[in-house]
Structure formats: structure tokens, C-alpha cells
Trainee: 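Okay, here's the structure, questions in a sec.
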Protein chains: 2
Amino acid sequence: MFTHAEENYLKAIFHLEQETQGEVSTNAIAEQMETKPSSVTDMVQKLADKELLSYKKYKGALLTQTGRKKAADVIRKHRLWEVFLVDKLNFHWDEVHPIAEQLEHIQSAELIERLDRFLGSPDFDPHGDPIPDQHGNIKRTEKKLLSELQKGQRGVCVGVKESSSDFLQYLDRKKITIGTKIHVLGKEFFDGSMILRVRDQQFFISKKTSENLFVQIQES
Amino acid sequence: MFTHAEENYLKAIFHLEQETQGEVSTNAIAEQMETKPSSVTDMVQKLADKELLSYKKYKGALLTQTGRKKAADVIRKHRLWEVFLVDKLNFHWDEVHPIAEQLEHIQSAELIERLDRFLGSPDFDPHGDPIPDQHGNIKRTEKKLLSELQKGQRGVCVGVKESSSDFLQYLDRKKITIGTKIHVLGKEFFDGSMILRVRDQQFFISKKTSENLFVQIQES
DNA sequence: CTATAAAATTAGACTAGTCTAAAAATATTT
DNA sequence: AAATATTTTTAGACTAGTCTAATTTTATAG
């Protein structure tokens with residue numbers, strides 16, 4: 001039905017639409033896809049012909065309903081496979097992305113239904129990202145960046161914004177993972193760094209770290 | 001490392017080498033791959049450049065050690081995924097081939113190691129075909145076509161030669177599967193048909209069926 | 001509001017893989 | 001051994017996707 005390249009473009013544009021309101025620019029897509037803007041123009045025009053997105057020259061792209069559904073499908077597959085790799089094959093959460101990147105293109109609706117059931121219909125992937133349902137709906141949760149919390153607030157880590165291997169391994173060494181409870185003891189105006197209490201230990205983290213950790217605030 | 005097309009050619013040539021001794025012909029590969037001979041010539045020359053097979057014009061192709069190992073790798077992946085689909089996701093044995101055809105191209109040695117362990121390092125796939133080990137070695141078993149058995153002989157079904165959906169579904173309706181015990185009550189010279197005893201019931205099967213079922217002979 | 005910079009598009013070329021049609025090599029038949 | 005048939009290869013074209021280089025459009029600065 002769709003080529004790998006087409007699916008990858010749809011996925012990239014889907015992600016970019018979350019971040020920017022309105023049309024997604026050619027350059028933004030090129031950066032996300034690690035390709036050249038000229039290649040993007042070509043492909044975007046092809047996807048527009050297939051009515052997966054709307055596109056006006058020099059104006060950028062916006063997914064249609066069909067395109068958005070297809071993108072959510074691919075993301076659903078990606079995230080379910082990540083759960084499989086971590087829960088069943090005991091991969092580490094920083095290792096699964098490139099493998100899921102391949103597995104997300106396997107074509108078989110039946111396979112994904114069965115995989116989903118086999119995994120117990122999980123709602124989140126190993127990085128805390130929500131798994132779209134069969135209809136492409138994504139459960140939106142109340143989550144904030146740790147950097148938005150104020151001194152004294154408490155939260156539970158529910159996801160990461162970046163999921164580079166380096167960042168995930170850093171969190172691992174600090175024993176911070178999905179579900180870890182965090183108490184903000186202090187926040188430095190000067191550089192945005194924070195002092196946290198995690199499992200009765202004090203932690204110092206940089207602004208960059210706090211801007212890449214999602215938490216759910218615990219009212220107390 | 002290798003493209004899907006390259007892997008598919010290696011696999012096809014590997015299978016053809018089992019059946020024919022000596023070089024594999026361009027036409028044979030074309031038929032197996034459901035493509036045109038001219039495409040085969042092109043690809044075979046490319047694979048020869050990469051030293052995955054030896055090739056002399058008009059003489060046919062033979063896999064090198066490297067090529068044979070790579071082909072066995074792909075077959076290992078295919079068969080392990082088939083086991084996963086049947087054992088873990090409860091797919092039926094006639095449904096798994098086209099999905100495994102896609103999964104066999106996923107690149108990650110680690111993934112296959114872990115999948116193998118997760119499945120309990122199976123020796124055979126759901127159709128009774130042996131799964132090559134990490135080094136590309138295939139366990140050869142003593143198996144014969146059911147059609148080779150004589151009146152009075154007994155065997156256990158250990159595999160199928162054809163694994164088309166039609167054939168597998170036919171076997172299912174007859175409740176013949178891997179492990180089924182078969183006793184040859186009679187064999188008709190005229191058309192090669194057979195009368196079997198299976199689970200205390202009499203079965204009539206055609207020559208075509210008996211030529212596509214592998215059995216292990218039970219000495220008695 | 002013109003000049004310049006940035007972003008986006010087009011044109012043309014390249015690779016992988018395929019195809020058709022024609023030519024060349026090998027096999028088979030008489 | 002010549003004629004015919006079969007197999008295989010070559011030549012040239014096509015698609016998908018990418019790239020570089022040049023051009024055009026839009027945005028920004030003075």
C-alpha cells in the first residue's frame with residue numbers, strides 16, 4: 001500500500017504537527033528526516049497527489065484525515081514493537097528505537113492486533129509515549145516537563161522527550177525511569193538547574209535534563 | 001548491509017541448490033522469484049561482484065561460503081519468526097509465510113539471538129522445516145516423502161514440502177499436522193493414491209498429497 | 001521599499017531494481 | 001552437421017527515491 005519512505009514522511013510530519021501549529025515547513029521535514037529540502041518537496045508533492053496531505057507551494061504541508069490516520073498506524077506499530085522488545089525480549093529501553101524503526105513497516109493488520117493482545121494492550125511504550133489505538137486516537141495525558149515544576153512540587157516521571165541512547169543511559173545511571181517519584185527541592189534561577197529528592201537521595205540535574213523529562217504532577 | 005532484493009535472491013538460490021546439484025540456472029531463479037530472466041542476469045552479476053556467488057555467463061550460479069551463510073541467516077530469521085507467530089501470537093500455520101517473508105529482513109543480530117532464546121531455541125518451524133543455527137548449519141533429518149512408503153509401513157508426519165495455504169488448510173480439515181502418526185494400509189499402482197490409517201480412521205489421499213508430506217519412518 | 005538573506009522549488013543526474021525487445025549462446029532435433 | 005528451439009544476455013527504458021546546483025519565491029533588514 002505505502003512504501004517505507006512514504007510512511008516515514010507521514011510519521012515525521014505527524015510529529016512535527018504536534019510541535020508547531022499550522023503547516024509544517026519543508027526545511028523542518030528535511031531536518032527531521034535527515035534528508036535534503038529538495039527531496040522533501042518531491043515527496044510532499046507525491047503525498048499530496050495521494051491525498052495524504054494538503055500542500056501549497058512555499059506554504060508547507062498539513063496531513064489530511066487519511067494521512068493522519070496512516071501516520072498514527074505506523075506510530076502504533078512502532079510503539080507496540082518497542083513494548084515487545086522490552087517486555088518480552090528484555091531489551092533495554094535505549095536499544096529498541098532503531099529496531100522498532102524497521103518493524104513499524106511490517107504490513108499486517110492482523111499481526112498488530114494479535115501483538116497488541118499478546119502484550120496486554122499496553123497504553124504506553126517503554127519511553128512513556130502513548131500508543132495510538134486501532135482508530136488512530138492517542139490518549140492525551142496531563143504531563144509537564146520537569147523544568148516547569150516549582151520548588152516544593154512533586155511528580156512521577158511518565159516519559160522522556162528526547163530518547164537518545166545517551167540520555168536514556170544517563171537516566172539509568174541515575175536510576176531514573178518511568179514511575180520514579182521526584183520531589184523538587186530547589187531550582188536555580190541562574191542556569192535552570194534543579195535539586196531533586198529521589199528515593200531519599202539528593203540529585204542535582206541540569207536544565208537540559210529537566211527539559212527532557214516528562215512528569216505527572218502529584219497533588220499533595 | 002544487504003538489500004531486501006539481494007537477500008531474496010540469495011534465499012531463492014539457496015533453496016534451488018538443495019534441489020538441483022550443480023549450478024542454478026537463470027530461468028530457475030526467475031521462476032522461483034517470480035521475475036524475468038533478464039532481471040535475474042542483472043542481479044546475479046551484482047551478487048557475483050560482491051562475491052556472494054560464483055557465476056559464469058550462460059553457466060548459472062553457485063553460492064560462495066559467504067553467500068550460503070547469508071542465505072541461511074535469512075532462512076533462520078524467517079523460520080524463527082514463523083515459530084513466534086504460531087507459538088506466541090496463535091497464528092495458524094497457513095497464515096505465517098507472507099508475514100515472515102517481511103520479518104526475515106529485519107536487521108539486528110541481537111534481536112534474533114533474543115527471539116531464539118525467547119522461543120526456547122526451537123529446531124523446527126511450524127511446517128517442520130529445520131531452523132539453521134547461528135553459524136548457518138542446518139540439522140539434516142531422516143525424512144521421506146509419504147509417497148515413498150510401502151504398504152504396511154508406519155511414519156510420523158514431520159513436515160510439508162509445499163506450504164501453500166490451500167494445502168495446509170486441506171491437511172487441517174483432515175486433522176493431519178506435524179506429529180500425526182500415519183499407517184499405510186494400501187497403495188494403488190494405477191494412480192499412486194494411498195489408503196492410510198490415522199487415529200483409527202481410514203483416509204484416502206491422492207498421489208499429489210502423498211508427494212507433499214514428509215514423514216519419519218517408524219520401525220516396528 | 002529596495003537589498004539581501006533565507007527558504008523552497010525545479011532541473012537534471014544518479015542508483016537500485018525492474019521490464020520489454022532484440023541479439024547471442026547453447027541445446028536439441030532431424 | 002544444419003536447422004530449430006530454448007536459454008541467456010544485452011540494450012535501452014521506466015519508477016522510486018535521492019542528490020547537487022541553479023532558480024524562484026518569500027521573509028527580513030536597513
Side-chain angles (χ1 to χ4, degrees), chain A residues 1-13 16-17 19-63 67 70-71 74 101-102 104-107, chain B residues 1-13 16-17 19-63 67 70-71 74 101-102 104-107:
Chain A
M1 198 64 176
F2 297 99
T3 67
H4 289 198
E6 286 171 339
E7 291 190 344
N8 288 334
Y9 273 95
L10 291 175
K11 195 174 46 135
I13 296 167
L16 290 167
E17 278 190 1
E19 290 167 21
T20 62
Q21 39 270 57
E23 283 80 7
V24 177
S25 76
T26 301
N27 269 2
I29 300 170
E31 196 183 352
Q32 179 90 0
M33 295 285 299
E34 297 183 34
T35 186
K36 302 292 163 184
S38 56
S39 309
V40 173
T41 302
D42 278 2
M43 183 56 101
V44 157
Q45 288 174 344
K46 237 177 270 177
L47 294 171
D49 289 346
K50 295 194 175 186
E51 307 203 326
L52 293 164
L53 48 80
S54 64
Y55 166 69
K56 282 189 219 82
K57 273 189 198 172
Y58 299 101
K59 294 294 176 196
L62 259 187
L63 294 177
K70 182 64 205 168
V74 176
E101 203 79 351
Q102 300 178 61
E104 72 191 5
H105 300 297
I106 303 293
Q107 307 271 6
Chain B
M1 198 66 175
F2 297 100
T3 66
H4 289 197
E6 287 172 339
E7 290 190 346
N8 288 335
Y9 272 95
L10 291 174
K11 194 173 48 136
I13 297 167
L16 290 166
E17 278 189 1
E19 290 168 19
T20 63
Q21 40 271 53
E23 284 80 8
V24 177
S25 77
T26 301
N27 270 1
I29 299 170
E31 197 183 351
Q32 179 89 3
M33 294 285 299
E34 298 183 34
T35 184
K36 302 292 164 185
S38 55
S39 308
V40 173
T41 301
D42 278 2
M43 183 55 101
V44 156
Q45 287 173 344
K46 237 177 269 179
L47 293 171
D49 289 346
K50 294 194 175 184
E51 306 205 325
L52 294 164
L53 49 78
S54 64
Y55 167 69
K56 280 187 219 86
K57 272 189 200 172
Y58 299 100
K59 293 295 175 195
L62 259 188
L63 294 176
K70 181 65 203 167
V74 176
E101 204 79 352
Q102 300 176 62
E104 72 191 5
H105 300 297
I106 303 293
Q107 306 270 8

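The chains referred to below are lettered A, B, ... by the order of the sequence lines, with proteins before strands, and numbering in each begins at 1.
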Trainee: What N/O pairs connect the protein and nucleotides 23-27 of chain C at under 3.5 Å? Give each pair on its own line.
Mentor:
unit_1	atom_1	unit_2	atom_2	d
C:dA25	O4'	B:Tyr58	OH	3.4

Trainee: Please report the distance, rounded to the nearest Å, between CE in A:Met43 and C1' in D:dC19.
Mentor: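 My rounded result for the distance is 14 Å.
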
Trainee: Testing the basics here: between A:Leu52 and A:Phe2, what is the closest heavy-atom pair and its distance to 0.1 Å?
Mentor: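 Closest approach of A:Leu52 to A:Phe2: CD1-CE2, 3.3 Å.
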
Trainee: Residues from residues 26-40 of chain A sitting under 4.0 Å of DNA chain C, heavy atoms only?
Mentor: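 Per residue number, the list reads A:Thr26, A:Asn27, A:Pro37, A:Ser38.
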
Trainee: With A:Leu47 as reference, evaluate A:Met43, A:Gln45, A:Glu51 under the side chain to side chain contact (heavy atoms under 4.5 Å, CB included) test and give the passing residue.
Mentor: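 The side chain to side chain contact (heavy atoms under 4.5 Å, CB included) with A:Leu47 is passed solely by A:Met43 among A:Met43, A:Gln45, A:Glu51.
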
Trainee: Find the distance A:His4:NE2 to C:dG17:P and express it as a whole number of Å.
Mentor: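 Computing the A:His4:NE2 to C:dG17:P distance gives 14 Å.
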
Trainee: Do side-chain atoms of A:Gln102 reach the backbone of B:Gln107 as a donor and acceptor pair under 3.5 angstrom?
Mentor: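 Checked: pair present.
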
Trainee: Whole-Å distance between D:dG17 C1' and A:Leu47 CG?
Mentor: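 My rounded result for the distance is 12 Å.
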
Trainee: Over how many whole Å does the gap from A:Lys56 atom NZ to D:dT26 atom P extend?
Mentor: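 Atom NZ in A:Lys56 sits about 13 Å away from atom P in D:dT26.
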
Trainee: Looking at D:dT18, I'd like to know if its phosphate oxygens (OP1 or OP2) sit under 4.0 Å from a side-chain N or O belonging to A:Tyr9.
Mentor: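 A:Tyr9 to D:dT18 OP1/OP2: side-chain N or O found under 4.0 Å.
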
Trainee: Just the rounded figure in Å: distance from P of D:dT20 to CG of A:Asp42.
Mentor: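 Between P of D:dT20 and CG of A:Asp42: 13 Å.
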
Trainee: Determine whether B:Asn8 and B:His105 satisfy the following criterion, side-chain contact (heavy atoms from CB on, under 4.5 Å), listing intermediate values before the conclusion.
Mentor: CA-CA 9 Å; B:Asn8 288 335; B:His105 300 297; 3.0 Å; yes

Trainee: With a 3.5 Å cut-off and sequence neighbours excluded, list the donor-acceptor pairs that the side chains of residues 19-35 of chain B form with protein atoms.
Mentor:
unit_1	atom_1	unit_2	atom_2	d
B:Thr20	OG1	B:Leu16	O	3.0
B:Ser25	OG	B:Ala28	N	3.1

Trainee: Does D:dG17 have OP1 or OP2 under 4.0 Å away from a side-chain N or O of A:Thr3?
Mentor: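 True: A:Thr3 side-chain N/O within range (under 4.0 Å) of D:dG17 OP1/OP2.
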
Trainee: Rounded to whole Å, how long is the line connecting atom CD of A:Gln45 with atom P of D:dG17?
Mentor: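 Going from CD in A:Gln45 over to P in D:dG17 covers 14 Å.
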
Trainee: In chain order, what residues pass the salt bridge (charged side-chain N to carboxylate O under 4.0 Å, His left out) check against A:Glu104, with sequence neighbours excluded?
Mentor: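 Partners of A:Glu104 by the salt bridge (charged side-chain N to carboxylate O under 4.0 Å, His left out) criterion, ordered by chain and then number, come out as A:Lys11.
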
Trainee: With under 30° as parallel and over 60° as perpendicular, where do the rings of A:His4 and B:His4 fit, or are they tilted in between?
Mentor: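 Answer is perpendicular, since the angle exceeds 60°.
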
Trainee: Under the side-chain contact (heavy atoms from CB on, under 4.5 Å) test, which residues partner B:Leu63, sequence neighbours left out?
Mentor: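 By the side-chain contact (heavy atoms from CB on, under 4.5 Å) rule, B:Leu63 matches B:Leu10, B:Ile13, B:Phe14, B:Glu17, B:Leu53, B:Arg68, B:Ala71.
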
Trainee: Is any side-chain nitrogen or oxygen of B:Lys46 closer than 4.0 Å to OP1 or OP2 of C:dA16?
Mentor: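 The answer is no; no side-chain N or O of B:Lys46 sits under 4.0 Å from OP1 or OP2.
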
Trainee: Just grab all the salt bridge (charged side-chain N to carboxylate O under 4.0 Å, His left out) pairs involving residues 35-50 of chain A, residues at least two apart or on different chains.
Mentor: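 Those involving residues 35-50 of chain A are A:Glu6-A:Lys50.
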
Trainee: Would you mind reading off the distance between A:Asp49 atom CG and D:dA16 atom P, rounded to a whole angstrom?
Mentor: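 Roughly 11 Å, once rounded to whole Å.
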
